[in-house]
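Take a look at the structure below.
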Amino acid sequence: MNRSILTDMLGDEYDIMEAENGVEAVSLLQKYGNSISLLLLDIVMPEMDGFGVLTLMNKHRWIQDIPVIMISAENASVHVERAYEMGVTDFISRPFDALILHRRVVNTILLYAKQKRLIDLVADQIYEKEQQSSLMVDILSHIVEFRNGESGQHVLHIRTLTELLLKYLGNKDSRYQLSRSEIAMICTASALHDIGKIAIPGEILNKPGRLTDEEFATMKTHTLIGAAMLEALPVHQEEPLIKKAYEICRWHHERYDGRGYPDGLKGDEIPISAQIVALADVYDALTSERVYKKAFSHEKAVSMILDGQCGQFNPLLMESLKEIEPTLQEEMKGDTDSKANQRQLQNVAEELLRHEDLSASERTLQLLEHERMKYSFFADMSEEIQFEYTAAPSMVTLSPFGAKKLGMEEILMDPHHNEKVLEMFGPDDLCAISGALRSTSPEHPIVKYDHEICINGEKRWMRTIARAMWSADEPPRYMGAIGKTTDIHDERVQMDALVQMASHDPLTGLFNHNYAKQRIQERIESRVGGRFALAIIDLDYFKSANDNYGHMFGDHVLIHMAEQLRKSIRGGDIAARVGGDEFLLFLEYKDEPDMAIKRIFHSLIGKYGDFQISVSMGVVCTETSGTDYETLFHAADQALYAVKRAGRGQYRFYDNTMQEMLSVISPIDGSEKETEQRGE
């Protein structure tokens, strides 16, 4: 009744969603998120009360984006105080005055709309600052690269590998765990590692041969020059970015055993930022072409570093490089402007989260809504059972197609105790999938599991592929999973269809030429001493069928020809469409091949509609022309050409006289005739 009253009051101005208990409310919040402008919440509700809803809203930070007005008859001061402590914007006691409630709803929505506009403004400013800072660093580093004759990708590669190593090392050793903003700062500073080279003479930087001792001594000064340039900045000396850039500029050529330069630092005396940039710099130098060397392969570069051919590095870094080596190449190739923009958006989010009164920008909300729309569209189009599972609260959200196929609601609370879910999946399979997901790690989050599922009383084998979701906390917390469940039978049908497409001609259903070639060669090699015949069949005057009756009619003639071929051959024979109006036939014979070829030839002649079907055939036997497919095909093709020169409408076996006959035809005339005859 209370919901009905509120809907009547507000329905003309707002889109209303109703939930009759706390569990339904949480489901709607989970599904629609920040598209909800206001939540009107009671305290006393079935299944989960209002404070339970507020607890989950605080846990998931929804309370920061969605204002809550509590409307309740429970107006004791202890309840009101607790509600405000849990983040409600306003508290209205029942019975309420309609005018006052309406005004408070309008004011709250307007207040949050203004706050979101303010957040968007701040986010735009931070984003602009990030872009400008990144742009200036890129320009400066590109100037250095331009003088040094290096590729424009060098700084990007250094930044990417630095980020990969920092993240991996942080998971490997707690001493090196850094926040996302610290990692982003070091990656930005890494672009300045060689700014000192701006003062090195060009003839040394770009010398194609080995440097002399004096030239190498000059080259080594770039570390000190770069550090001095940063140290001499008149402002911003205390900025963390400048301090990190100084460390990297000065010490990125130090080595773990103390044999580097300029200061001979050893072990952990070298800042970890400089150690990682040093390793990234060496890897990219090895895998990139320089004026003095060719590029090494990825495998060779990693091997040289691990073997100590490029100086000594931190053993933990060497282990990290070895462990990320299988995916390193793809990561380096995949680093693009879109990833750079993603990093900038992450920095915006970090900056916003420093302000307790700001939770998310309008830009972020729009991006999330855009991604939600894309997900919904592709989920519907894929016709798969896609799902999202959250551990707290324990809830499964199914894609619309998945819910329809399973005959369930899109949102299922507490699936481990849901009777429908247990009846369909079985408790053992659910526990197995859940246990496998919880046993994953952020680095290896994928689980595959084959199991039976009961749909409409029918048991089917399904495959579930899921990705566990882990928080960014240390240690990471298991938050749930996303995944899909597909019918293994359907997958096999799809695979069979792909195989069919790869091996068969789509119009006639016969083998295509490439696949037939493989099968024929295998047959010849597996039956040494067998007697085989290969025939090329050409449909005479096919062009007139297309010209007089249309291409669709021509297609039907080709399909008819294919069907006649199927009827004329035995199970072990091979029939294929070579292309256009040409077909291929391969058969084994025991006595003489002429009888079989004559029978097949006459079976193909006839009428299709008003079109008179006539064929020309060139035939070759393995006894006369060897057992190599290419040789056989060429000989059969020569026999076919001899038939066409003799007037078409017959078949002939290849013999040596055809080779002599064809040799007197000029190459130009012959090729032109063949092109015309084959309709090309």
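Given the structure is predicted, the values throughout are model-derived calculations rather than measurements.
- Side-chain contact of D540 with S616: a donor-acceptor pair under 3.5 Å is present, judged by distance alone.
- Taking both residues in full, the closest heavy atoms of G647 and Y541 are given as O-OH, 4.3 Å, listed atom of the first, atom of the second, then distance.
- Annotation: D610, atom CG; neighbour count of heavy atoms from other residues, nucleotides and ligands within 6.0 Å does not exceed 12.
- Taking the ring centroids of F532 and Y589, they lie at or beyond the 6.0 Å cut-off.
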For this session: Assess whether side chain to side chain donor-acceptor pair (under 3.5 Å) is satisfied between D547 and S544, documenting all intermediate values.
Result: CA-CA 5 Å; D547 292 343; S544 67; over 6 Å; no
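- Side chains of Q521 and E525: a donor on one and an acceptor on the other come within 3.5 Å.
- With a 4.5 Å cut-off on side-chain heavy atoms, I385 and T486 do not count as touching.
- Closest approach of A516 and A576 over heavy atoms only: CB-CB, 3.5 Å.
- A salt bridge links R523 with E588: the closest approach of a Lys/Arg side-chain nitrogen to an acidic carboxylate oxygen falls below 4.0 angstrom.
- A side-chain donor from one of H417 and D414 sits under 3.5 Å from a side-chain acceptor of the other.
- One N or O on the side chain of Q564 and one on the backbone of S603 form a donor-acceptor pair closer than 3.5 Å.
- The side-chain tip of R519 does not point at the ring of Y629 from less than 6.0 angstrom away and within 45° of straight on.
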Exercise. Would K420 and E409 satisfy salt bridge (charged side-chain N to carboxylate O under 4.0 Å, His left out), going step by step from the backbone distance to the final call?
Worked result: CA-CA 10 Å; K420 283 188 177 180; E409 300 294 328; 6.0 Å; no
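- Contact detail for G649 and S614: the closest heavy-atom pair is CA-OG, 3.6 Å.
- In this structure, the side chains of F583 and L558 come closer than 4.5 Å at one or more pairs of heavy atoms.
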For this session: Begin from the C-alpha positions of D538 and V615 and carry the test side-chain contact (heavy atoms from CB on, under 4.5 Å) through to its verdict.
Result: CA-CA 6 Å; D538 188 88; V615 297; over 6 Å; no
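- Counting only heavy atoms from C-beta outward, the side chains of K448 and T464 never approach each other to under 4.5 Å.
- Side-chain atoms of N171 do not come within 3.5 Å of backbone N or O of Y168 as any donor-acceptor pair.
- For the 3.5 Å distance criterion, the side chains of D594 and Y651 qualify, holding a donor opposite an acceptor.
- Side-chain atoms of V619 and L585, non-hydrogen and from C-beta on, never get closer than 4.5 Å to each other.
- A donor and an acceptor atom, one from each side chain of H451 and D429, are nowhere located under 3.5 Å apart.
- The shortest heavy-atom contact between A636 and L534 is CB-CD2, 3.7 Å.
- Note that the CG atom of D637 and the CG atom of L584 stand 10.5 Å from one another [nearest 0.5 Å].
- Residues S394 and M413 form no side-chain contact, since every pair of their non-hydrogen atoms from C-beta on lies 4.5 Å or further apart.
- Minimum interatomic distance between L406 and L398 (heavy atoms only, all atoms of both residues): CD1-CD1, 4.2 Å.
- Side-chain atoms of N456 do not come within 3.5 Å of backbone N or O of E458 as any donor-acceptor pair.
- The six-membered or imidazole ring of H560 lies away from that of F553, with a centre-to-centre distance of 6.0 Å or more.
- I411 places none of its side-chain heavy atoms less than 4.5 Å from the side chain of Q30.
- Between L510 and R566, the shortest heavy-atom contact is N-NH2, 3.6 Å.
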For this session: Evaluate the criterion side-chain contact (heavy atoms from CB on, under 4.5 Å) for residue pair T397 and F387; output intermediate values, then yes/no.
Result: CA-CA 6 Å; T397 304; F387 63 87; over 6 Å; no
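- No side-chain N or O of W470 forms a donor-acceptor pair with one of S441 less than 3.5 Å apart.
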For this session: Dump the intermediate steps for side-chain contact (heavy atoms from CB on, under 4.5 Å) on R467 and T440, then the final yes or no.
Result: CA-CA 9 Å; R467 186 189 194 283; T440 63; over 6 Å; no
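- Sorted by first then second residue, the side-chain hydrogen bond (donor to acceptor under 3.5 Å, both in side chains) pairs that include residues 295-307, not counting sequence neighbours, are Y283-H298, H298-E325, S303-D307.
- A heavy-atom distance below 4.5 Å is found between the side chains of L430 and L422.
- Under the 4.0 Å criterion applied to side-chain N and carboxylate O atoms, K167 and E163 are assigned as salt-bridge partners.
- Side-chain contact between F653 and V620 is absent, with no heavy-atom pair separated by less than 4.5 Å.
- Checking side-chain atoms of R599 against main-chain N and O of S568 turns up a donor-acceptor pair under 3.5 Å.
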